[in-house]
Participant: 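Below you'll find the structure I mean.
Just so it is clear: chains get the letters A, B, ... in the order the sequence lines come, proteins before strands, and each one is counted from 1.
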Amino acid sequence: MVPDYKPQDIEQKWQAKWAEDELYRVGESDEKPKWYFLTMFPYTSGDLHIGHWYAEAPADTAARFKRMQGYNVLRPIGFDAFGLPAENAAIKRNIHPFTWTIQNVENMRRQLRSLGATYDWSREVVTCLPEYYKWTEWFFLQFYKAGLAYRAKAPANWCPKCQTVLANEQVTAQGLCERCESLVTKRDLEQWFLRITNYADELLDHSKIQWPERIGLMQKNWIGRSEGAEISFGIDGYPDEDIRVFTTRPDTVYGVTFMVFAPEHPLIERLTTPDHRPAVEAYVAETRRQSEIERQSTEKEKTGVFTGAYAINRLNGEKVPIFIADYVLLSYGTGAVMAVPAHDTRDFAFAKKYGLPIPVVIAPEGWSGGPLDEAYTEAGTMVNSGLFDGTPSVEGKKKVAEYLKDKGWGGPTVNYRLRDWLISRQRYWGAPIPIVYCDHCGIVPVPEDQLPVLLPEDAEFRPTGESPLKYHEAFVNTTCPTCGGPAKRESDTMDTFICSSWYFLRYASPDYDKGPFDPAKVKYWLPVDQYTGGAEHACMHLLYARFFTMALRDLGLMDFGEPFTRLFNQGLIIADSRKMSKSRGNVINPDLYVQEMGADTVRAYLMFIGPWDQGGDWNDNGISGMHRFLNRVWNLVLSDEDLRGKYLGEASEAEVRALRRLTHRTVKKVAEDLERFRFNTMLAALMEFTNYLAKARETAAANSPYWKEAIDSLILMLAPAAPHVAEELWTSTGHEYSVHNQRFPVWDEALVKEEEITLVVQVNGKVRDRIVVPASIGEEEVKAQARQLERVQPFIHGREVRNIFYVKGRLVNIVVS
RNA sequence: GCCGAGGUGGCGGAAUCGGCAGACGCGACGGACUUAAAAUCCGUUGCCCGCAAGGGCGUAGGGGUUCGACCCCCCUCCUCGGCACCA
């Protein structure tokens with residue numbers, strides 16, 4: 001009798017056994033090639049939802065496949081454990097962030113274990129533990145010493161709900177906080193920044209990594225490189241002042257009829273003439289009142305006010321009025337623009353509204369010489385442009401920029417949308433910024449031997465949301481490491497994205513205490529060969545981690561600049577057509593499904609839903625189908641012994657061939673699909689194979705010596721996706737433990753080939769018949785056979801056969817008039 | 001507005017190179033087993049006409065290239081993602 005398939009029993013049994021044997025523990029090896037397969041570590045928000053499983057289960061399957069191919073696979077796991085939710089929980093439930101986080105970690109560990117994955121738990125890292133964040137702080141000091149970390153006052157994104165500033169990357173296009181979706185406002189604050197902009201060009205270069213093109217484009221959009229020129233303008237009445245603007249169109253500089261400054265521009269205060277001051281101040285106040293979205297709405301009509309001041313265009317000596325307008329942003333370029341109404345749509349609209357001249361300096365082809373109805377922004381010929389008259393504008397861009405450089409009035413330059421990374425957070429639950437402020441010595445970095453700067457355990461969490469560190473006297477008040485005098489500690493902590501910018505290095509040597517990592521082990525394991533995770537991190541984690549790695553390389557800590565050689569983004573699992581979130585109450589917990597159907601079913605079902613990069617709407621309609629499939633495999637394999645000898649007679653040669661062909665075909669298909677992360681079609685192929693075997697079992701084919709090859713292959717092919725069932729079936733069919741130390745079956749190309757093929761016969765592109773022919777059949781023979789077919793005859797009878805196309809092994813198409 | 005991904009049965013999806021559209025699964029329908037149900041097994045299942053043989057239509061819509069188009073080209077519509085007054 002075949003025992004029932006009871007996943008609950010076998011899964012726990014094998015998980016315990018694998019853990020006891022440390023089956024997935026890896027070390028450096030000379031014999032096997034290494035393969036570092038990493039999935040973005042989870043944030044310790046509480047429960048894992050089905051989305052986490054969607055990230056982990058297929059990745060685990062792919063990693064298991066690599067193992068079975070003979071790679072030394074590093075598959076570590078850890079927890080991104082600093083961050084705001086822990087602190088909010090502290091305020092709300094009166095529980096310490098550490099306690100809350102560790103409780104979550106424990107629960108998530110349990111859930112991750114139930115997945116039956118190949119994690120090497122001995123390498124686990126938790127970013128909120130001092131032995132980890134000591135090195136986060138250490139990295140900050142290295143950045144500081146190298147001039148890559150600096151403190152500056154700047155208008156920062158302020159989330160009123162999170163009560164902290166945010167980096168640009170952490171604000172959505174709609175001006176909302178990426179985490180809590182509150183409306184973000186601006187605040188002028190002294191903040192710490194990392195010079196990610198130093199690496200803008202290298203970050204733009206994806207030529208050394210195999211990443212999805214989509215992510216490259218997103219990063220490219222975000223970095224926003226634009227080539228142009230910086231041009232200096234004089235200011236009437238201020239001979240020592242100079243205002244620089246960035247433009248992508250230096251060729252239009254002779255068409256400047258006014259200048260526009262951002263309302264917050266620091267020069268405005270000085271330049272505004274007394275008679276214009278009231279209007280300017282009112283406009284500035286109005287701009288400040290507006291939200292970022294209101295201000296940046298492209299629908300809005302252009303507004304602005306004249307300051308009474310004039311700029312001087314050095315190229316033609318013209319005096320042009322200076323306006324302020326809210327469409328000019330202080331944060332981009334120099335915060336001031338030269339306005340060329342004839343050749344820029346925004347400037348055109350502005351000039352029309354305020355009655356400013358619109359002289360044409362780039363002539364469109366066939367231009368009449370008259371005024372324009374709208375801005376002409378294409379290429380043309382330079383006119384009214386002094387010595388550049390007659391120059392094609394494309395060429396003119398370069399020539400004008402060079403000319404400016406010769407004259408000392410600016411020159412060619414590149415501008416980026418990307419801003420430096422603002423890393424200060426006015427919160428408790430993060431790695432402290434290891435800096436001390438001394439009245440005497442100024443900004444003093446904490447000496448490395450005094451790291452880590454520990455988070456005080458007894459901080460008071462206030463419902464006001466103010467940083468608990470700021471009011472923690474014992475923490476803030478310290479002595480200056482340089483002069484020994486009284487000093488204040490920095491009370492801001494670091495953006496948690498810093499913690500996740502180097503965790504993949506820590507996995508190489510998680511217990512190392514002489515530095516953030518053991519250089520020899522990093523040299524062996526890194527870079528990550530395959531990284532997987534959500535595309536929502538394109539312009540945050542993935543950009544930051546690349547920057548970090550490049551900076552560490554330049555600091556001489558490593559010899560590579562790209563952390564992740566290959567990247568794959570799984571899609572998003574949504575529920576009821578909406579993103580899963582606690583606030584929406586549509587979070588799907590995998591635990592219930594695991595209890596009912598087993599982890600193998602949940603794993604395989606997630607992979608079967610569709611292509612991994614597509615994600616999809618979670619519904620459990622189909623999950624029973626996957627459970628049925630595993631049950632069928634179970635019964636097929638375990639009833640094998642019972643049936644042996646039941647069907648007498650020897651398998652025919654044709655039966656054996658068919659059996660072997662499908663076995664080898666399936667091995668090929670499954671291996672190729674696993675290689676390319678096509679788990680859905682891999683499982684479909686296994687289902688077809690199983691269906692075939694279930695039928696073949698009723699025939700003499702089951703008596704073939706190759707029957708065992710088929711069954712063994714099936715178990716081995718199932719092992720990456722459904723590791724528990726595979727282990728149980730493998731060991732119960734007389735094989736040696738463990739199936740997960742076996743080699744993946746290899747296919748014989750000669751057996752895969754068909755000796756007989758079915759050709760489709762078309763007349764004028766329509767299928768009319770099929771013929772079975774030997775695979776070796778010649779073209780002429782096929783064509784001759786095809787036109788003789790009974791079902792084809794009526795369609796060609798009495799017509800002229802114009803052509804016959806033969807696609808080898810596939811079809812014949814007879815073209816008639 | 002710009003850039004990108006996508007649109008295939010009742011549903012999830014398949015079709016690796018321009019060559020059988022709808023693999024595999026869910027659901028539905030019919031049957032077997034059962035006192036009955038569940039489970040399991042067998043069969044049918046894109047739409048339309050037809051008793052059938054068979055025929056026609058069909059991959060968001062329209063046009064094109066080709067012997068042949070889900071696939072390539074042009075236009076339109078819809079969904080999702082990124083950027084967006086970026087000078």
Participant: Donor-acceptor check, side chain of A:His343 to backbone of A:Ile362, threshold 3.5 angstrom: yes or no?
Facilitator: yes

Participant: Using the P atom in both, what is the distance from B:C17 to B:C73, to the nearest Å?
Facilitator: 15 Å

Participant: Are any side-chain N or O atoms of A:Arg249 and backbone N or O atoms of A:Thr377, one a donor and one an acceptor, separated by less than 3.5 Å?
Facilitator: yes

Participant: Using a heavy-atom cut-off of 4.0 Å across all strands, would you classify A:Arg419 as base, sugar-phosphate, or nothing?
Facilitator: nothing

Participant: Please report the distance, rounded to the nearest Å, between CD in A:Glu169 and P in B:C83.
Facilitator: 10 Å

Participant: For A:Ser331, report the nucleic acid contact type (base, sugar-phosphate, nothing); a contact means any heavy atom under 4.0 Å.
Facilitator: nothing

Participant: Would you say A:Ser226 and A:Asn415 are linked by a side-chain donor-acceptor pair, where the criterion is simply a distance under 3.5 Å?
Facilitator: no

Participant: Which letter, B, S or -, goes with each nucleotide of nucleotides 16-21 of chain B from 5' to 3', with contact meaning a protein heavy atom under 4.0 Å?
Facilitator: B--BBS

Participant: Using the rule ring pair (Phe, Tyr, Trp, His ring centres under 6.0 Å), only one of A:Trp618, A:Tyr593, A:Trp53 pairs with A:Tyr605; which is it?
Facilitator: A:Trp618

Participant: Do NZ/NE/NH1/NH2 and the carboxylate oxygens of A:Asp344 and A:Arg346 come within less than 4.0 Å?
Facilitator: yes

Participant: Please report, rounded to the nearest Å, how far the P atom of B:G12 is from the OH atom of A:Tyr54.
Facilitator: 14 Å

Participant: Just name whichever nucleotide pairs with B:U66, Watson-Crick or G-U, keeping both distances under 3.5 Å, else none.
Facilitator: none

Participant: Counting just side-chain N and O atoms, does A:Arg768 come under 4.0 Å of either OP1 or OP2 of B:G68?
Facilitator: no

Participant: Name the pairing partner of B:G30, where a pair is Watson-Crick or G-U wobble with both distances under 3.5 Å, or state none.
Facilitator: B:C42

Participant: Rounded to the nearest Å, what distance is computed from the CG atom of residue A:Asn168 to the P atom of nucleotide B:C86?
Facilitator: 17 Å

Participant: So, A:Glu596 and A:His627: side-chain donor and acceptor under 3.5 Å apart, yes or no?
Facilitator: no

Participant: For A:Arg214 and A:Met218, find the nucleotide of RNA chain B closest to each by heavy atoms; which residue's nucleotide sits nearer the 5' end?
Facilitator: A:Arg214

Participant: Calculate the interatomic distance between A:Glu790 atom CD and B:A53 atom P; express it in whole Å.
Facilitator: 16 Å

Participant: On a whole-Å scale, what distance lies between the P atoms belonging to B:A21 and B:C70?
Facilitator: 9 Å

Participant: Rounded to whole angstrom, note down the C1' distance from B:U76 over to B:U16.
Facilitator: 31 Å

Participant: For A:Phe568 and A:Phe677, I'd like to know if the aromatic rings sit close, meaning centre-to-centre distance below 6.0 Å.
Facilitator: yes

Participant: Collect all protein-nucleotide pairs involving nucleotides 23-26 of chain B in which both atoms are nitrogen or oxygen and the distance is under 3.5 Å.
Facilitator:
residue : atom : partner  : partner atom : Å
B:A23   : O2'  : A:Glu688 : OE1          : 3.4
B:A23   : O2'  : A:Glu688 : OE2          : 3.2
B:G25   : OP1  : A:Asn691 : ND2          : 3.1
B:C26   : OP1  : A:Arg628 : NE           : 3.0
B:C26   : OP1  : A:Arg628 : NH2          : 2.6
B:C26   : O2'  : A:Asn621 : O            : 3.1

Participant: Backbone N or O of A:Ile814 within a donor-acceptor pair of the A:Asn803 side chain at under 3.5 Å?
Facilitator: no

Participant: Go nucleotide by nucleotide along RNA chain B from the 5' end; which of A:Val171 and A:Arg791 gets its closest nucleotide reached first?
Facilitator: A:Arg791

Participant: On the six-membered ring of A:Trp211, is A:Arg546 placed so that its NZ or CZ lies under 6.0 angstrom from the centre and within 45° of the ring axis?
Facilitator: yes

Participant: Identify the nucleotide, in any strand shown, that forms a Watson-Crick or G-U wobble pair with B:A14, with both distances under 3.5 Å; if there is none, say none.
Facilitator: none

Participant: Would you mind classifying the nucleic acid contact of A:Phe795 as base, sugar-phosphate or nothing, using non-hydrogen atoms under 4.0 angstrom?
Facilitator: sugar-phosphate

Participant: For atom C1', what is the distance between B:A36 and B:C47, given to the nearest Å?
Facilitator: 38 Å

Participant: Let me know the distance between CD of A:Gln219 and C1' of B:G81, rounded to the nearest Å.
Facilitator: 15 Å

Participant: Can you tell me the base-pairing partner of B:A21? Count Watson-Crick or G-U wobble geometry only, both distances below 3.5 Å, and say none if there is no partner.
Facilitator: none

Participant: Which nucleotide sits closest to the side chain of A:Gln614: B:G81, B:G54, B:G13?
Facilitator: B:G13

Participant: State the syn/anti category of B:C78 according to its glycosidic angle, syn meaning within 90° of 0.
Facilitator: anti

Participant: Taking A:Lys668 first and then A:Glu749, would you say they form a salt bridge - that is, a charged N and a carboxylate O separated by under 4.0 Å?
Facilitator: yes

Participant: Looking across every strand, which nucleic acid part, if any, lies under 4.0 Å from A:Lys220 by heavy atom: base, sugar-phosphate, or nothing?
Facilitator: nothing

Participant: Of the nucleotides B:G12, B:C83, B:G13, which one has an atom closest to the side chain of A:Ile609?
Facilitator: B:G12

Participant: Classify the side-chain pair A:Asp201/A:Tyr416 by whether it contains a donor and acceptor separated by less than 3.5 Å.
Facilitator: yes

Participant: Using atom NZ of A:Lys579 as one end and atom C1' of B:C80 as the other, report the distance to the nearest whole Å.
Facilitator: 13 Å

Participant: How is A:Leu329 classified with respect to the nucleic acid when contacts are heavy atoms under 4.0 Å: base, sugar-phosphate, or nothing?
Facilitator: base

Participant: Answer with base, sugar-phosphate or nothing: what part of the nucleic acid does A:Val815 contact at a heavy-atom distance below 4.0 Å?
Facilitator: sugar-phosphate

Participant: Does a side chain donor of either A:Tyr283 or A:Thr303 reach within less than 3.5 Å of an acceptor in the other side chain?
Facilitator: yes

Participant: Does A:Tyr54 offer a backbone N or O that forms a donor-acceptor pair with the side chain of A:Trp612 under 3.5 Å?
Facilitator: yes

Participant: Which whole-number value in Å describes the distance from A:Gln570 CD to B:G81 P?
Facilitator: 16 Å

Participant: Looking only at atom C1', what distance separates B:A28 and B:G9, rounded to whole Å?
Facilitator: 13 Å

Participant: In this structure, how many angstroms lie between the P atom of B:G1 and the CG atom of A:Asn221, rounded?
Facilitator: 17 Å

Participant: Could you measure between the two C1' atoms, the one in B:A14 and the one in B:G25, and give it in whole Å?
Facilitator: 11 Å

Participant: What interatomic distance, in whole Å, is found between C1' of B:U79 and the corresponding atom of B:C24?
Facilitator: 26 Å

Participant: Determine the contact category for A:Val328: base if any of its heavy atoms lies under 4.0 Å from a base atom, sugar-phosphate if only primed atoms, P, OP1 or OP2 are that close, otherwise nothing.
Facilitator: base

Participant: Once you apply the 3.5 Å cut-off to both distances, tell me the Watson-Crick or G-U wobble partner of B:C47, or none.
Facilitator: B:G56

Participant: Looking only at atom P, what distance separates B:C83 and B:U66, rounded to whole Å?
Facilitator: 43 Å

Participant: Mind telling me if B:G25 is syn or anti? Syn here is a glycosidic angle within 90° of 0.
Facilitator: anti

Participant: Sort out the partner of B:U79 for me: Watson-Crick or G-U wobble, both distances under 3.5 Å, none otherwise.
Facilitator: B:A5

